Amino acid sequence: MFLPDDTFRTVVDSTPLVSIDLIVKNSEGQVLLGKRNNKPAKDFWFVPGGRIQKNETMSDAFTRLCKEELGLEKRISDAVFLGPYEHFYNDSIFDNVSTHYVVLGYQITLDRSLGKLPDKQHCDYKWMNVEEAVCSESVYKYSRDYFIN
């Protein structure tokens with residue numbers, strides 16, 4: 001369920017958003033990152049993920065986000081729950097509005113060609129070694145945090 005822009009602006013300005021981030025690792029231990037098309041974190045490398053919609057269970061949201069962000073069917077039982085995280089941004093898709101996310105981090109293992117990934121939220125993808133991702137300023141801080149144990 002998507003809200004009209006004026007209503008969604010009020011929500012973003014007034015409340016935290018609840019989302020799921022997909023921390024995707026391949027069999028070589030590399031992590032999947034996408035270059036974000038939209039604010040917040042526009043033009044940074046970030047893990048796939050998205051908001052949970054009203055009346056959508058976490059399980060259903062996980063499955064939907066895997067389809068939308070990775071182009072495949074995965075169930076929440078295929079993942080390891082890493083825990084809750086908080087993300088605070090000075091910007092959003094709306095001018096002069098900050099964003100606060102409560103994020104549920106889920107890790108999955110996946111070997112997949114980068115050429116088959118959807119491009120709605122990310123304009124490019126790459127597999128990156130964890131050590132490189134942790135040190136790279138082009139990887140957004142909140143994504144780097146997932147890789148620091």
Side-chain angles (χ1 to χ4, degrees), residues 1-26 30-110 112 114 116-128 130 133-149:
M1 176 177 104
F2 289 96
L3 299 171
D5 282 352
D6 59 335
T7 303
F8 188 51
R9 180 188 177 97
T10 300
V11 170
V12 172
D13 198 28
S14 305
T15 67
L17 304 173
V18 181
S19 65
I20 292 175
D21 274 356
L22 305 169
I23 297 82
V24 181
K25 291 189 174 183
N26 64 19
Q30 296 172 311
V31 293
L32 178 67
L33 297 168
K35 193 165 191 181
R36 285 196 40 88
N37 292 332
N38 307 304
K39 292 180 182 180
K42 184 178 185 341
D43 296 327
F44 280 91
W45 293 98
F46 211 94
V47 297
R51 293 187 306 274
I52 298 173
Q53 297 174 357
K54 173 79 173 176
N55 295 324
E56 183 178 44
T57 66
M58 290 184 294
S59 180
D60 288 347
F62 181 91
T63 299
R64 175 183 56 80
L65 290 167
C66 284
K67 184 71 173 169
E68 291 176 0
E69 297 278 312
L70 304 173
L72 54 86
E73 298 286 331
K74 283 283 188 182
R75 296 167 45 166
I76 204 165
S77 59
D78 298 325
V80 174
F81 181 58
L82 300 180
Y85 297 81
E86 284 190 297
H87 297 179
F88 297 90
Y89 301 92
N90 292 328
D91 64 354
S92 72
I93 60 169
F94 304 107
D95 291 335
N96 303 313
V97 176
S98 63
T99 312
H100 174 193
Y101 280 98
V102 174
V103 182
L104 306 174
Y106 286 90
Q107 183 174 307
I108 59 175
T109 301
L110 174 69
R112 178 158 188 138
L114 298 179
K116 298 179 181 177
L117 294 169
D119 60 3
K120 183 177 179 184
Q121 296 296 325
H122 300 95
C123 62
D124 194 12
Y125 290 91
K126 65 179 165 181
W127 290 106
M128 189 180 284
V130 170
V134 168
C135 296
S136 175
E137 293 295 319
S138 65
V139 175
Y140 203 85
K141 175 198 179 324
Y142 294 132
S143 286
R144 290 194 314 255
D145 288 346
Y146 292 126
F147 313 130
I148 301 170
N149 294 333

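Here the structure is a predicted model, which is why all the values come from computation and not from measurement.
- Scanning all heavy atoms of the two residues, the minimum distance from S136 to R144 falls at O-NH1, 3.2 Å.
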Pair K25-Q30, side-chain contact (heavy atoms from CB on, under 4.5 Å): steps then yes or no:
CA-CA 5 Å; K25 291 189 174 183; Q30 296 172 311; over 6 Å; no

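- The shortest side-chain heavy-atom distance between Y85 and V102 does not fall under the 4.5 Å cut-off.
- With values rounded to the nearest 0.5 angstrom, H100 atom NE2 is found 9.5 Å from T15 atom OG1.
- Taking a 6.0 Å sphere around NZ of K39, one finds it holds 12 or fewer heavy atoms contributed by other residues, nucleotides or ligands.
- A donor-acceptor pair under 3.5 Å links the side-chain atoms of T99 to the main chain of D91, judged by distance alone.
- When all heavy atoms of A133 and V31 are compared, the pair lying nearest together is CB-CG2, 4.2 Å.
- Between the side chain of E69 and the main chain of G49, a donor-acceptor pair closer than 3.5 Å is present.
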Run the numbers on V47 and L33 for side-chain contact (heavy atoms from CB on, under 4.5 Å), then give the verdict.
CA-CA 5 Å; V47 297; L33 297 168; 4.0 Å; yes

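- Taking the six-membered ring wherever Trp is involved, the centroid distance between the rings of Y89 and Y142 falls below 6.0 Å.
- Remark: I76 CD1 to I108 CD1 distance equals 11.0 Å, nearest 0.5 Å.
- For Y125, the ring pair (Phe, Tyr, Trp, His ring centres under 6.0 Å) test picks out H122, with sequence neighbours left out.
- Checked by atom type and distance alone, the side chain of R36 pairs as donor or acceptor with a backbone atom of N38 at under 3.5 Å.
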Take C66 and L22 through the side-chain contact (heavy atoms from CB on, under 4.5 Å) test and state the conclusion after the steps.
CA-CA 8 Å; C66 284; L22 305 169; 4.1 Å; yes

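- The closest side-chain heavy-atom distance from F62 to R75 is not below 4.5 Å.
- Judged by distance alone, the side chain of T7 and the main-chain N or O of L3 form no donor-acceptor pair under 3.5 Å.
- Rounding to the nearest 0.5 Å gives a distance of 9.5 Å between CG of L72 and CG of D78.
- Counting heavy atoms from C-beta outward, D21 and L104 have side chains that stay 4.5 Å or more apart.
- When every heavy atom of S19 is checked against every heavy atom of G50, the shortest pair comes out as CB-O, 3.1 Å.
- Looking at heavy atoms from C-beta onward, E73 lies in side-chain contact with T63 at the 4.5 angstrom threshold.
- In this structure a side-chain-to-backbone donor-acceptor pair under 3.5 Å is present from N37 to C123.
- Taking the six-membered ring for Trp and the full ring otherwise, the centers of Y106 and Y146 sit at least 6.0 Å from each other.
- Within the 4.5 Å cutoff, no side-chain heavy atoms of T109 are placed close to those of N26.
- With S92 contributing its side chain and S98 its backbone, the two residues share no donor-acceptor pair below 3.5 Å.
- H87 contributes atom NE2, which lies 10.0 Å from atom OH of Y101 (distance to the nearest 0.5 angstrom).
- Inter-residue side-chain proximity for L65 and I52 is flagged as unmet; no heavy-atom pair is nearer than 4.5 Å.
- A donor-acceptor contact shorter than 3.5 Å links the side chain of R9 to the backbone of D95.
- Distance CE/M128 to SG/C135: 10.5 Å, rounded to 0.5 Å.
- With hydrogens and angles ignored, the 3.5 Å screen pairs a side-chain donor or acceptor of S14 with a backbone N or O of T10.
- Ion pair K141/D145 flagged as a salt bridge, since at least one NZ, NE, NH1 or NH2 atom sits closer than 4.0 Å to an Asp/Glu carboxylate oxygen.
- In summary, the aromatic rings of F46 and F44 are positioned with their centroids too far apart to meet the 6.0 Å limit.
- For CG of D6, the number of neighbouring non-hydrogen atoms (other residues, nucleotides, ligands) closer than 6.0 Å is greater than 12.
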What do the steps show when you test R64 against Q53 for side-chain contact (heavy atoms from CB on, under 4.5 Å), and what is the final call?
CA-CA 10 Å; R64 175 183 56 80; Q53 297 174 357; 3.6 Å; yes

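- For the pair L70 and P48, the minimum side-chain heavy-atom distance is below 4.5 Å.
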